[in-house]
Amino acid sequence: MKREQFNLKQAALAFADKLIELYFIDRRLDRLPAYMNEKISWIGTGENELCQNLMEAKQALKAELKDYSGSFIIRQRQVYAVPFDDICIVYGMLEAEPEDKLFAIEKLRFSIVLDKELKLLHLHFSYPDMDQKAAHYYVESRDRSNLQDLKQTLALRSRQLELLNNSLPGSAHQCRKDAHFTLITMSDSFLSMFGYTREEIANRFHNHYIEMVYPNDRSMMLSMIHKQLKKGSDIELEYRVLCKSGKPIWVLDKGRLLTERDGSETFFSLLIEITQRKQAQEALRLSLERYQVIMDQATDIIFEWDIARDTLFFSPNWYKKFGYAAISKQISQRIPVSENIHPDDMHAFMRIMKDTAAGVPYSETEFRIRDRQGKYHWCRIRATAQFDADGKAIKAVGVILDIDDEKRQHLVLLDMAQKDALTGLYNKAAIDSLVAARMQNCEASGKQALLILDVDHFKSVNDTYGHLAGDSLLASVAAVIKSQIRSSDLAGRIGGDEFLIYMASINDEENVLRKAEKLLSALEELTPLPNALPITCSIGAAVFSYGEGDYHTFFQCADQALYIRKKSGRKGVTFYQAVKECPSDHLMSAVNEESNIDQVEIMEEQLAQYAFRKLYAAKDIHLTIERLLGIIGHAYDVSRVYIFESNDGHSCFNTFEWCAKGIKPMNSSISVSLAETAQRFDEQGLFYCAEVKPMSKHYHSYLAAQDCCSLLQCAILDEGEFAGYVGFDECREHRVWESKQIAAFKLTADVLSAFLMKLRLKQALKIK
């Protein structure tokens, strides 16, 4: 017998002794209701002694105490107990003799049903039957006056037995311990459970309970009974029984093996239908089996994180994929210091853990996981939080997907989209975006530098050796740049022969200068073809502290520094910081017709202001204009600056001209038609040609004779009438001017025109 049932049995026997003491000896009938269930049923020995609830039981006790208040002496007592899970049955006999001897000795047998809280659920007293044998408890029999009394008594006992059966959960039956489990008694609820009548059970199954059991379950049932009886007299089985409808139902059979007076053995059993429970169990089993099949067959890794316990479960695919057991306990402390996740991706993994623990319903991120050989694989994790009744996140379930091939292909495509095909460096869009993002790094220390590098006289390489040689040179320049920069630096090609280098976290400007000079030295070793001149480069550099400016400002400063470097003869490095502090007036006044403007910053809008101030204060306008043309030529890095004027209203003549070193002047006798020339200018008074080849044959021949590749001209107006133009030519390569430069030149040309008209007016007045 199990220990729990043994303890229940002992408690039930003690309970029965207490009831007998209160009822017969102490006669404390007022205390008995405290030991009764609300649904107490009571069958006594009186003719109408039948109670079906606690209220009726209290009334019966009051009536009995009023009828006889004396106590009894217990002469003989035998009590037995049969425990089940939800109830316990106590039965036996006793002889009670009234102390005042007014009544005869009561010879009674009784049965008690206790609920799981050890309260009276049913109480039944009865006298022995007339054919009771003396050896079985009792030695006397009561006198039955007639057959009618016997019939009434039998009818009453039938109702009492029915009440007892209805009080029991499930259904009850008794059968012999034989090969067929022959049925002895069956409750009405037993018949109702399976849909048969007693006659149908007798005719169809010959009262053999084993034949009612589902055929597939019979051998299992017999085996379990045999095994359990080796440990005690109690059995507990689950099996199926055939119903009249032809369908089997599942029952829980809780029984006990009893030995009768004649030595025969019988089973007394309670049956409880558990079909729905078994169906739920089967559905759960199939669900778990499907879950296991999915975990075993899927290539993805399924995981479950118990947030409260801080434990992590992975499907077997983890080991198959990575070749080692995953961290499963104390993960919030152990994973952050683990080498299983790539250091650069640890913040992404920790963020998804924090979000899930904080109650974010769904999270997703990508990171790299190390395998047994040390190789990292790109994975995507998707986590869904599970919540308790209070809305607190208690678990997270999800999947880890292998996206290594997809990620690496994406990186290849991204690299192709970001890289310049010729040089392998970042293209302009990519380098702009990457540098702008780097500059927003608030945690960076030190300073940052931006270098813009331009290959000097690159056009001559293309013209002399061909475009293939030019492309080869650009690729070589890119290779040198890659070899000279740090892994943390960024480099890109931002134009035809222009390159950008971004250096993060530098110490000072001197460090940048050393690196730039080392780069230039390495580049000078390059030659487009054997026996060709060495290649030189110009670099404009800007050094900023983090947060000092945005990328656009940073770029403009480096670009201005490069601009100054190219005006000062190219080949070298110019820093924006070195020229930023000088006043523009001082810089401009330092420029003369020789115009060596190393480390001079000339802004286009400042040039017009400077020209106005110089002309306004000039005593000799003619000489000042000649000098200003040289300043303009150097500022715009052009080959030739000139002014054509008309003195007869029909033709234009070259009256002023400045030429860069190595550029031959125009023929001083050249004249052009005033009317024909005026037609070339637009409504704003501008004539701009980035490439002269598409022009008319006549005009193209004229320009070719002047070695002109590109030109920009601005009209001189005299009271609204076209009177000439100010222009500059580019004789070395095709030139594209920005709209900002064109507008600044127009303003400068207007200043020159105004003072030139003033000069001509004075000259005309003197002639007159």
Side-chain angles (χ1 to χ4, degrees), residues 287-288 290-372 374-418 430 433-434 436-438 440-443:
S287 178
L288 292 175
R290 287 194 297 270
Y291 177 71
Q292 188 64 42
V293 169
I294 292 173
M295 288 198 300
D296 292 341
Q297 295 186 358
T299 57
D300 302 327
I301 300 168
I302 299 172
F303 69 88
E304 180 179 309
W305 175 30
D306 190 318
I307 299 175
R309 296 180 180 178
D310 203 19
T311 58
L312 194 58
F313 162 78
F314 288 98
S315 63
N317 287 336
W318 173 280
Y319 191 87
K320 295 178 183 177
K321 179 69 178 177
F322 300 111
Y324 58 88
I327 296 174
S328 60
K329 297 180 180 179
Q330 297 178 332
I331 63 169
S332 58
Q333 287 79 36
R334 297 175 62 189
I335 287 183
V337 297
S338 169
E339 296 180 353
N340 295 345
I341 298 177
H342 196 284
D344 294 343
D345 304 334
M346 183 62 73
H347 68 284
F349 184 85
M350 296 307 299
R351 185 182 68 250
I352 199 172
M353 285 187 63
K354 291 178 181 179
D355 289 348
T356 303
V360 176
Y362 177 82
S363 301
E364 180 176 326
T365 192
E366 296 177 356
F367 61 99
R368 285 161 285 184
I369 302 178
R370 179 184 60 87
D371 64 15
R372 187 174 184 179
K375 177 185 176 182
Y376 285 97
H377 299 260
W378 276 102
C379 297
R380 180 181 295 119
I381 183 173
R382 294 170 176 166
T384 301
Q386 293 182 317
F387 304 90
D388 60 13
D390 298 326
K392 181 181 178 182
I394 56 173
K395 287 188 178 181
V397 295
V399 62
I400 298 177
L401 310 172
D402 184 345
I403 61 168
D404 196 65
D405 291 341
E406 170 192 336
K407 189 71 174 183
R408 295 187 188 280
Q409 181 65 23
H410 172 73
L411 293 176
V412 170
L413 295 175
L414 179 61
D415 189 67
M416 292 173 61
Q418 291 184 329
S433 176
L434 292 171
R438 286 279 190 92
Q440 296 176 358
N441 185 1
C442 299
E443 299 179 0

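Basis for what follows: all heavy atoms, side chains included, without hydrogens, waters or symmetry-related copies.
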Legend entry - Short side-chain donor-acceptor distance under 3.5 Å, D402 and H377: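 Checked: H377/D402 side chains show no N/O donor-acceptor pair below 3.5 Å.
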
Inset, instruction - To the nearest 0.5 angstrom, please state how far the CG atom of L312 sits from the NZ atom of K329. - result: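 One gets 13.0 Å once the value is rounded to the nearest 0.5 Å.
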
Legend entry - Gap between atom CG of N317 and atom CG of D300 - 0.5 Å precision: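 Going from the CG atom of D300 to the CG atom of N317 covers 8.0 Å.
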
Inset, instruction - Indicate yes or no for a side-chain donor-acceptor contact from W305 to the backbone of I394 under 3.5 Å, with no hydrogens or angles considered. - result: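 Side chain of W305 to backbone of I394, a donor-acceptor pair under 3.5 Å: no, none is there.
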
Legend entry - D388 (side chain) donor-acceptor with D390 (main chain) under 3.5 angstrom: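 Yes.
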
Legend entry - CD/E366: more than 12 non-hydrogen atoms of other groups inside 6.0 Å: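 Yes.
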
Inset, instruction - Decide if atom CD of Q333 counts as having more than 12 heavy atoms of other residues, nucleotides or ligands within a radius under 6.0 Å. - result: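 Counting other residues, nucleotides and ligands, CD of Q333 exceeds 12 neighbours.
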
Distance-minimising heavy-atom pair for [X] and [Y]:
X	Y	value
I352	I381	CD1-CG2, 3.8 Å
I307	K395	CD1-N, 3.9 Å
A385	V360	CB-O, 3.7 Å
I400	W318	CD1-CZ3, 4.3 Å

Inset, instruction - Evaluate the criterion side chain to side chain contact (heavy atoms under 4.5 Å, CB included) for residue pair D345 and Y376; output intermediate values, then yes/no. - result: CA-CA 11 Å; D345 304 334; Y376 285 97; over 6 Å; no

Legend entry - 4.5 Å side-chain heavy-atom contact, M353 and M350: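 Side-chain contact under 4.5 Å: yes.
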
Legend entry - Heavy-atom check, side chain of S315 versus side chain of I301, under 4.5 Å: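 Contact flag for S315/I301 side chains = yes.
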
Inset, instruction - List the steps, then state whether side chain to side chain contact (heavy atoms under 4.5 Å, CB included) holds for I369 with K321. - result: CA-CA 10 Å; I369 302 178; K321 179 69 178 177; over 6 Å; no

Legend entry - side chain to side chain contact (heavy atoms under 4.5 Å, CB included) between F367 and H342, intermediate numbers included: CA-CA 7 Å; F367 61 99; H342 196 284; over 6 Å; no

Legend entry - Residues C379, F322; criterion side chain to side chain contact (heavy atoms under 4.5 Å, CB included); working and verdict: CA-CA 12 Å; C379 297; F322 300 111; 4.1 Å; yes

